[in-house]
Amino acid sequence: METPRRVEHQLTDKGYVPVYTTAVIEQPWASYAPADHAVWATLFRRQRELLVDRAAPEFVENQERLGMSPDAIPRFDELNQMLRRATGWELIGVEGLLPELTFFEHLAHRRFPVTWWIRRTDQLDYISEPDLFHDLFGHVPLLMNPVFADYMQAYGAGGVKASRLGGEALVNLTRLYWYTVEFGLIRSSAGLRIYGAGILSSKGESIHCLESPSPNRIGFDLERVMRTRYRIDTYQKTYFVIDDYLQLFEATRPDFTPLYARLAGQPSIPAGEVLAADRVIQRGNGEGWLADGDV
Ligand code: PHE
Ligand code: CO
């Protein structure tokens, strides 16, 4: 078997540009070098230690159920046996970032794309695009949760629809993904916990999002989230907190078509702004925030 390509962003005269790829590939497990397994082991141990008391309990439980361990990079086909039985999801191997519509179509069919390659040793703390550690460690455990699994599929179907609608629909929908699937917090009996994969795969943000006085922590509100810009180059200025996954699923059940039309007439909200109508759990002090750069 030929080893698939490792598709990363490219440095051009216009700066870093993302490169998209659509191939679905078989995980070239035998081609991982000892250094790749070592990166997995280091990151796995480091995050698990940080996350036992910071991640949503169902994240940790399901990661264990899946048999993920520091011993070796997991095999997609072994995880798939568990996943298919639990929620009907399966992992598919990809070479890098997918075009948006391709990504939505996979989700709508309960296929979760996982980048086959893992970051290098000099990228342990930060990498600007998804790799195997982010995709597998961060996203896959919650696909074992039935309600979250349904939310992800519904999101994919919603994305296919939003792509057809055009206009700002995709911008609104992407913000929802960002503030839930990637950077969401959830209430638990023991206090706030992390369920967003962008946080779960980051050492710095796992601590920052719960312990720093800097960011806002605000109760989830669908329209509010869909209007809120975000940061891709620094920690988030605001985290939105759900009560449980059912809240997310129910809030997003209605047809978004009229919602997109309503949102089109409203200004976007800067990432760090707090509104009078917000259910503020904790108001951030804004320490260390950069003035511009929201997307
Ligand atoms: N109900 C949404 C729509 O009609 C679909 C969706 C579900 C979007 C879940 C996001 C999350 O577009
Ligand atoms: Co992600």
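All ligand and atom numbering here is 1-based and tracks the order in the structure.
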Novice: Can you confirm, on distance only, whether ligand 1 has an N/O atom lying under 3.5 Å from any N/O atom belonging to Thr252?
Specialist: yes

Novice: Applying a 4.0 Å heavy-atom criterion (strictly less than), which segment of Ala162 is in contact with ligand 1: side chain, backbone, both, or neither?
Specialist: neither

Novice: Find, among atoms of His139 that are N, O or S, the one nearest to the Co ion (ligand 2), and state its name.
Specialist: NE2

Novice: Using a heavy-atom cut-off of under 4.0 Å, does the side chain or the backbone of Arg253 touch ligand 1, or both, or neither?
Specialist: backbone

Novice: Against heavy atoms of Pro254, which atoms of ligand 1 measure under 4.0 Å?
Specialist: 1 (N), 2 (C), 3 (C), 4 (O)

Novice: Does a donor on one side chain and an acceptor on the other come within less than 3.5 Å for Ser163 and Glu100?
Specialist: no

Novice: Do Tyr239 and Gln282 get their side chains close enough for a donor-acceptor pair, meaning under 3.5 Å?
Specialist: no

Novice: Using the rule side chain to side chain contact (heavy atoms under 4.5 Å, CB included), only one of Ser202, Ser201, Ser206 pairs with Gln47; which is it?
Specialist: Ser206

Novice: Could you tell me whether a side-chain N or O of His9 sits under 3.5 Å from a main-chain N or O of Tyr16, the two making a donor and an acceptor?
Specialist: no

Novice: Going by atom types alone, do Gln27 and Arg75 pair a side-chain donor with an acceptor below 3.5 Å?
Specialist: no

Novice: Does a donor on one side chain sit under 3.5 Å from an acceptor on the other, for His208 and Gln236?
Specialist: no

Novice: Short check: any N/O/S atom of Asp135 below 2.8 Å from the Co ion (ligand 2)?
Specialist: no

Novice: Between the side chains of Thr42 and Arg46, does any donor sit under 3.5 Å from an acceptor?
Specialist: no

Novice: Looking only at N/O atoms, are Ala154 and ligand 1 under 3.5 Å apart anywhere?
Specialist: no

Novice: Does one side chain, of Thr115 or Asp131, offer a donor that lies under 3.5 Å from an acceptor on the other?
Specialist: no

Novice: Side chains of Tyr151 and Thr180: donor-acceptor distance under 3.5 Å anywhere?
Specialist: yes

Novice: I'd like to check which ligand 1 atoms, numbered from 1 as shown, lie under 4.0 Å from a non-hydrogen atom of Asp255.
Specialist: 4 (O)

Novice: Need the ligand 1 atom indices (1-based, order shown) with element for anything under 4.0 Å from a heavy-atom of Gly158.
Specialist: 5 (C), 12 (O)

Novice: Once you restrict to heavy atoms under 4.0 Å, what part of Thr257 touches ligand 1? Side chain, backbone, both or neither.
Specialist: neither

Novice: Ignoring hydrogens, just give me the one of Phe256, Phe249, Tyr151, Tyr260 whose non-hydrogen atom is nearest atom 8 (C) of ligand 1.
Specialist: Phe256

Novice: Using a 4.0 Å cutoff against the non-hydrogen atoms of Lys161, which atoms of ligand 1 qualify?
Specialist: 3 (C), 4 (O), 12 (O)

Novice: Could you identify the N, O or S atom of Glu182 positioned closest to the Co ion (ligand 2)?
Specialist: OE2

